[in-house]
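Throughout, a chain's letter reflects where its sequence line sits, starting with A, and its residues are numbered from 1.
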2 protein chains.
Amino acid sequence: MMARASTSVNRRNDIVAAAIEVFAEIGYYRATTAQVAERAAISQPYVYRFFTKESLLVESLSVSWKRIVQAFQVVIDSSAPEELESGLIRAYEGIMQSYRSEILLQMQAQTIPDAPIREAMQQGINEIRDLVGNAFVSAGFEDADKKISDFLARGMLCNAAMAMDMPDLMPKK
Amino acid sequence: MMARASTSVNRRNDIVAAAIEVFAEIGYYRATTAQVAERAAISQPYVYRFFTKESLLVESLSVSWKRIVQAFQVVIDSSAPEELESGLIRAYEGIMQSYRSEILLQMQAQTIPDAPIREAMQQGINEIRDLVGNAFVSAGFEDADKKISDFLARGMLCNAAMAMDMPDLMPKK
DNA sequence: TAATTGTAATTGATCAATCAATAATATAAC
DNA sequence: GTTATATTATTGATTGATCAATTACAATTA
């Protein structure tokens with residue numbers, strides 16, 4: 001009776017998109033696979049045709065890190081040295097507005113020690129650091145090491161300010 | 001039969017100390033009140049004589065913020081301006097070594113939107129920012145606003161590096 | 001004996017994961 | 001083109017385990 005709604009590939013994407021939102025809003029451990037299923041408009045058992053709860057988190061994190069890498073790559077490929085850093089900052093601010101849930105999910109994952117999640121986080125951060133670090137070096141910045149460290153630190157404070165609804169934590173202008 | 005082991009006040013402290021460890025290790029939502037009770041060497045129902053699970057988290061956060069405030073106050077009260085910032089950084093590093101669980105708990109709480117927890121976090125951070133901010137101003141630093149922002153950002157990166165076991169994230173030196 | 005300290009037993013709810021089945025589509029044969 | 005067969009998509013029902021919270025009761029001390 002029910003019409004077949006989608007392909008398997010689309011279903012995977014639907015489920016991951018739903019999981020990112022539900023996990024971010026409710027918290028990974030508090031959120032249930034039934035809630036993810038409801039948001040994806042499928043049944044709870046069908047989620048398990050594609051993911052376990054943990055593999056769903058790992059996949060969600062992978063999506064979130066790819067989003068940042070890709071946005072930064074665009075900036076790096078199209079920026080003069082004097083606009084590189086401000087361009088990266090603007091790109092990150094854009095992601096925080098449009099994909100807030102993905103950042104909230106990364107923040108949650110920071111304190112989850114289970115190996116697959118820990119590895120996804122380490123890999124994501126390392127990729128960002130290498131990407132931005134190399135771009136700073138290529139741009140001819142002398143203190144690239146300090147610059148990348150400051151960049152990451154500012155990003156972390158930015159995340160915290162967003163998560164806890166404390167915009168005053170970020171310096172104006 | 002069993003000898004009375006402690007006073008009510010001591011019991012509260014025992015339970016909070018146990019909760020900080022268990023919540024940090026296992027994660028607040030995954031951890032059970034039975035695990036907290038076991039670590040505190042009491043029965044699970046007896047935890048509820050003092051706390052609900054949520055009030056236990058709020059109390060744990062309060063302890064963790066007081067720890068930082070107190071350590072920073074000592075540094076501020078005893079440092080010459082030229083050693084103020086480095087003293088604060090060393091104090092924070094000491095806390096991260098000796099009270100790692102408290103920091104991990106704060107990181108978890110960053111993404112928990114429930115009002116009592118959110119309020120405990122906002123209050124804690126604001127108190128730190130005011131304390132350090134005033135100290136920077138009193139020390140005669142001109143760019144106190146940027147300095148406090150950088151200080152907090154560095155702290156956030158420090159937390160993340162510790163939580164994810166990525167010491168390379170912090171700049172050597 | 002009255003208050004305080006404590007626990008065993010239980011409850012009601014919740015949840016990740018599985019199973020057994022059905023519906024829809026595609027393919028092939030006639 | 002209609003029938004038979006296989007494949008994919010999907011769900012209802014269930015399960016086994018877990019957990020926060022309560023209740024009813026026992027031991028200890030002042």
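- With respect to the salt-bridge test (charged N to carboxylate O, under 4.0 angstrom), the residues B:Asp150 and A:Arg154 qualify.
- Contact annotation for B:Thr32: backbone-only contact, meaning every heavy-atom pair under 4.0 Å involves sugar-phosphate atoms and none involves a base.
- Between B:Arg11 atom CZ and D:dT29 atom P there is a gap of 13 Å when expressed in whole angstrom units.
- Note on ring orientation: taking the six-membered ring where Trp is involved, the planes of A:Phe23 and A:Tyr28 are perpendicular (angle over 60°, cut-offs 30° and 60°).
- Heavy-atom minimum distance, B:Met121 versus B:Ala109: SD-CB, 3.6 Å.
- Each of B:Arg49 and B:Thr52 was matched to the nucleotide of DNA chain D holding its nearest heavy atom; the match closer to the 5' end belongs to B:Thr52.
- Neither OP1 nor OP2 of C:dG6 sits under 4.0 Å from any side-chain N or O of B:Ser43.
- Here D:dA9 presents its P atom at 14 Å from CG of A:Asn13, a figure rounded to the nearest Å.
- A:Tyr29 places its OH atom 12 Å from the P atom of C:dA16, with the value rounded to the nearest Å.
- B:Ile15 places its CD1 atom 15 Å from the C1' atom of D:dA20, with the value rounded to the nearest Å.
- Of the two residues contacting DNA chain C, namely A:Pro45 and A:Arg30, the nearest-nucleotide position lying further toward the 5' end is that of A:Arg30.
- Between the C1' atom of C:dT14 and the CD atom of A:Gln44 lies a distance of 12 Å, rounded to the nearest Å.
- If you take CZ of B:Phe23 and P of D:dC19, they are 13 Å apart, rounded to a whole angstrom.
- One finds a side-chain N or O of B:Tyr46 lying less than 4.0 angstrom from the OP1 or OP2 phosphate oxygen of C:dG6.
- Rounded to whole Å, the distance from CZ on B:Phe50 to C1' on C:dT7 is 13 Å.
- Heavy atoms of B:Ala31 sit under 4.0 angstrom from primed sugar atoms or phosphate atoms, though from no base atom.
- Put simply, the residue from A:Gln106, A:Glu102, A:Arg100 that forms a side chain to side chain contact (heavy atoms under 4.5 Å, CB included) with A:Leu104 is A:Arg100.
- Separating the CD1 atom of A:Ile26 from the P atom of C:dT14 is a distance of 14 Å, rounded to the nearest angstrom.
- Comparing D:dA20, C:dA16, C:dG6 by their closest approach to the side chain of A:Lys53 singles out C:dA16.
- The listed nucleotides are D:dT11, D:dT22, C:dT7; the one nearest the side chain of B:Tyr48 is D:dT22.
- The local environment of CD in A:Gln123 is sparse, with at most 12 non-hydrogen atoms from other residues, nucleotides or ligands closer than 6.0 Å.
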